Structures are given as C-alpha cells and as structure tokens.
Amino acid sequence: MNIFEKLETSSPTLPKQYNEMNANELIYRIRTIKEKMGTKLFLPGHHYQKDEVIEFADVRGDSLKLAQISASHHDAEAIVFCGVHFMAETTDILTGEDQKVYLPDMRAGCSMADMASFDQTEKAWSKLMEEFEDTIVPLTYVNSTAAIKAFVGEHGGATVTSSNAEKMLKWAFTQKERILFLPDQHLGRNTAYKLGVPLKQMAVWDPLNEELLYEGDKSEVRVILWKGHCSVHENFTVANVHHVRETYHDMNVIVHPECRREVVALSDKAGSTNYIIDTIAQAPSGSSWAIGTEMNLVNRIIRQHPDKHIISLNPNMCPCLTMNRIDLPHLAWSLDSIAAGRPVNRITVNKSTALQAGKALKRMLTRA
Ligand code: 13P
Ligand code: SF4
C-alpha cells in the first residue's frame, strides 16, 4: 500500500451533501468563507488546477513560485493548498509552526513522487556508494515526498524545480563529481544534456530491479537518473511531433522538460510551466503553437490567447488526474471545515523530516 492508499483509507471522505450542491451554492460558500476569513486564509494554486478552482486561488504559480511564496508568506493561519500532496508538504515545511496546511482531497497525490520511496532511495544510495564511493551529491525534483527531500538534505543535496534545474545541476557539480537525480529521469536527462553532459555519461538507477543501467564506461558516469517519470508528460511522443510537423507547416512545438529526451530534441523550445506561459504570452499575434504539457493549463492558455493558433501536441491528452481531484465540492468542504473549527485533511511533516527536507529546499531557494 503506498502512502496515498494509506491516506485514502485513513482520511475522511467528502460528505455526500457536497456532491448534491449545485455549482452556485458551492461558489457562494467558498466566497463567503474567503471574505469572512480575509488574510487568515490563504489559497495557493498550481497552474494545473482546473478553472473552477484556480479562480479562487490568491496566488497561482508553478512549483518554484509556490515554494517561494510559502517561504515568505507568514500571515495566514490556514493555508488550503490547491495542488498535489508534495506541494502541500513543501508548504508545511516552509511555513511557521502556527500555520496549518490543508489539502482539499487527500487523493491528490503525484504518481511521479510515488516512484521513489525512502527505502528504495536508501538501498540505491548504499549500492551507489559501494560503486562510486563518496563522489555523489543527490538532487531531487520538488515532485517528491518530504522523506526523499529529507534524505537529500541530509546528504548535502538540494531540491530543484523545472525552472531552476540547470542552475541547481551546475551547483551540484561544484559539490561533487557525480549527481544522483530523483525521481524524474526525463527532467534530469534533459537538463544534464543541455549542460553538455553526453548521454553515455548518464546512467539510470532502476529501483525495482535495484540495478544501474548504462551504456558507456561506468567510471565516466556523471549523472545517475532515477527511473521515474510523469505519467502525464510521458504521453507526448515523437509520433505526435512528426504528426504536427506534417500537418501544419508553421507550428512551433514547445514542451515541458518532463517529456522524454527524444520529444524535447525534436521540439523548438522546452522549459518549465512558467517558461511555456511566458513564451506564448510574448509570441506574436497569429503565431501557431503545439504545447506539450498538462491539459488544464493548455486549455487555459488557448482561451487566453484567441489571437494565436494553439493546440495540444497530443490531441488525446487528458488533465493530470490527481491535480484534477481538487474540485469545487472538495474546496467548499475544506473551507467549511476550517470555518467550523473542525478542519479536515491537514498536511503535517514531522519535525525531524521537516528539518532535513528544509535544508534541501533552502539550498534551492537561496540560489533560485
Ligand atoms: P512545474 O510547476 O515546476 O513546471 O512542474 C510541473 C509539474 O508537473 C507539477 O506537478
Ligand atoms: Fe505529478 Fe505529472 Fe501530475 Fe505533475 S503532472 S502532479 S508530475 S503526475
């Protein structure tokens, strides 16, 4: 049973009445509580949230912006995080002890974060230490559990987000000869490749078979990629890029670096969520874009830029299912429970984990 299955079975589920309320009633409840609580309540929202939810966000951002805001936002007593579990954990780590963080639906996890468990990471580390001795510094994408961030913090490493991965890899190479990059192999590979590390100097750690996969000379390996991926971004394929190129002569292809290396290589541009939003906003009117990222965001960008021809790189894409778990009924339930003094779905990271994970996050935030 993974952490989300455990949480799911041990957490209260949405009371039936919220599913029976219509949208107007839910919106009225959310608005009323927001107005009543004022600055005591804070709602950060990730760009992948659905429109009905992001509309209520006090601030919307990518993972980096939301982590930065959490670290500097000390007014709110209750923070209701509209995003996924690891983001709420990060917020709990970076906020004060008197601030409480809630996730409207405990099932809003992240399949990528689940791909690296603490036990797997400890085993991998001891095998890699035997192999390469003390030459490795760990980096973890923020899309990982607090336990993994703590492991990384304790071993001198740092977190990264898709918008500062290059900067953080450069920093890591000033610390040690080699990097272990968790849990997204694609972000790690794309970033290291951009920095000039050849593919033959990258190996993959397979946590299920507990083996190191590599093609070149083992002693020359500089980046060890954890065999994890985003189940949303892996759905953009080389065939999708070829199809767009064959169908439209003037289409620019822009993708998130959680996409596979081959897809990034064929694209015109690749970058974080913010990079994608800014690039399209600054593009000339009439330009055409095929975007390879999460569908709630792509649909929003399409609506915001009616003067541009914008499509999803994969016409059959769906939104991130776990991000989509946060909806009006869950948000209304969460706020009602806080207003009534019986809050549900609090996210807490234990003190020792938070201390070590905080080190990894702070190493990133001071350089971001
Ligand atoms: P960023 O917000 O860093 O672009 O990450 C994308 C993502 O997959 C969040 O879950
Ligand atoms: Fe996780 Fe991918 Fe969804 Fe982001 S988009 S929350 S990485 S599954």
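Since the model is a prediction, treat every value here as computed from it, not as a measurement. Note that these values count all heavy atoms, side chains included, but never hydrogens, waters or copies made by symmetry. First listed ligand is number 1; within each ligand, the first listed atom is number 1.
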Are H47 and ligand 1 in contact, using a heavy-atom cut-off of under 4.0 Å? no
Please list, in number order, the atoms of ligand 1 under 4.0 Å from a heavy atom of T273. 1 (P), 2 (O), 4 (O), 6 (C)
Working for salt bridge (Lys or Arg N to Asp or Glu O under 4.0 Å), residues K149 and E89: CA-CA 10 Å; K149 291 185 180 84; E89 277 188 334; 5.2 Å; no
Return the closest protein heavy atom for atom 1 (P) of ligand 1 as residue, atom name and distance. S162 OG, 3.3 Å
In this structure, atom 6 (C) of ligand 1 is nearest to the protein heavy atom Y48 OH, 3.3 Å
For Y141, the ligand 1 atoms whose distance to one of its heavy atoms is below 4.0 Å: 3 (O), 5 (O), 6 (C)
Would you find a donor on one side and an acceptor on the other, under 3.5 Å apart, between the side chain of N19 and the backbone of K16? no
Heavy-atom contacts with M87 under 4.0 Å: which atoms of ligand 1 show up? List them by number with element. 9 (C), 10 (O)
Please could you name the atoms of ligand 1 that D62 approaches to less than 4.0 Å, counting only its heavy atoms? 2 (O)
Check: S352/N350 side-chain N/O donor and acceptor closer than 3.5 Å: yes
Could you check if a side-chain atom of T322 sits within less than 4.5 angstrom of a side-chain atom of S111, using non-hydrogen atoms only? no
Nearest heavy-atom approach of W333 to N345 is CZ3-ND2, 3.5 Å
Run the contact test for M112 against ligand 1 with a 4.0 Å cut-off on heavy atoms, strictly below, and give the result. no
Parallel, tilted or perpendicular for Y248 and H309, by the 30°/60° rule? perpendicular
Taking atom types as modelled and ignoring hydrogens, do the side chains of D119 and S117 form a donor-acceptor contact shorter than 3.5 angstrom? no
Give the atoms of ligand 1, by number and element, whose distance to some non-hydrogen atom of E258 is under 4.0 Å. 5 (O), 6 (C), 7 (C), 8 (O)
A student checking ligand 2 against Y48 at a 4.0 Å heavy-atom cut-off should list atoms 5 (S)
Does E294 have a heavy atom less than 4.0 Å from any atom of ligand 1? no
Contacts of atom 2 (Fe) of ligand 2 with protein N/O/S atoms, counting only those under 2.8 Å: C230 SG
Can you check whether E210's main-chain N or O pairs, donor with acceptor, with K123's side chain at less than 3.5 Å? no
Do we see a donor-acceptor contact under 3.5 Å between the side chains of N240 and H243? no
Can you find a side-chain donor-acceptor pair between H47 and E294 that sits under 3.5 Å? no
H233, any N or O under 3.5 Å of ligand 1 N or O: no
Take every heavy atom of Y275, measure it against each atom of ligand 1, and state whether any distance is under 4.0 Å. no
I'd like to check which ligand 1 atoms, numbered from 1 as shown, lie under 4.0 Å from a non-hydrogen atom of N143. 7 (C), 8 (O), 9 (C), 10 (O)
Looking at ligand 1, does any of its N/O atoms fall within less than 3.5 Å of an N/O of T161? no
Would you mind checking if D92 and R346 are paired as a salt bridge, meaning a charged N to carboxylate O distance below 4.0 Å? no
Does atom CD of Q304 have more than 12 heavy-atom neighbours from other groups under 6.0 Å away? yes
Is it the case that more than 12 heavy atoms not belonging to H155 sit under 6.0 Å from its NE2 atom? yes
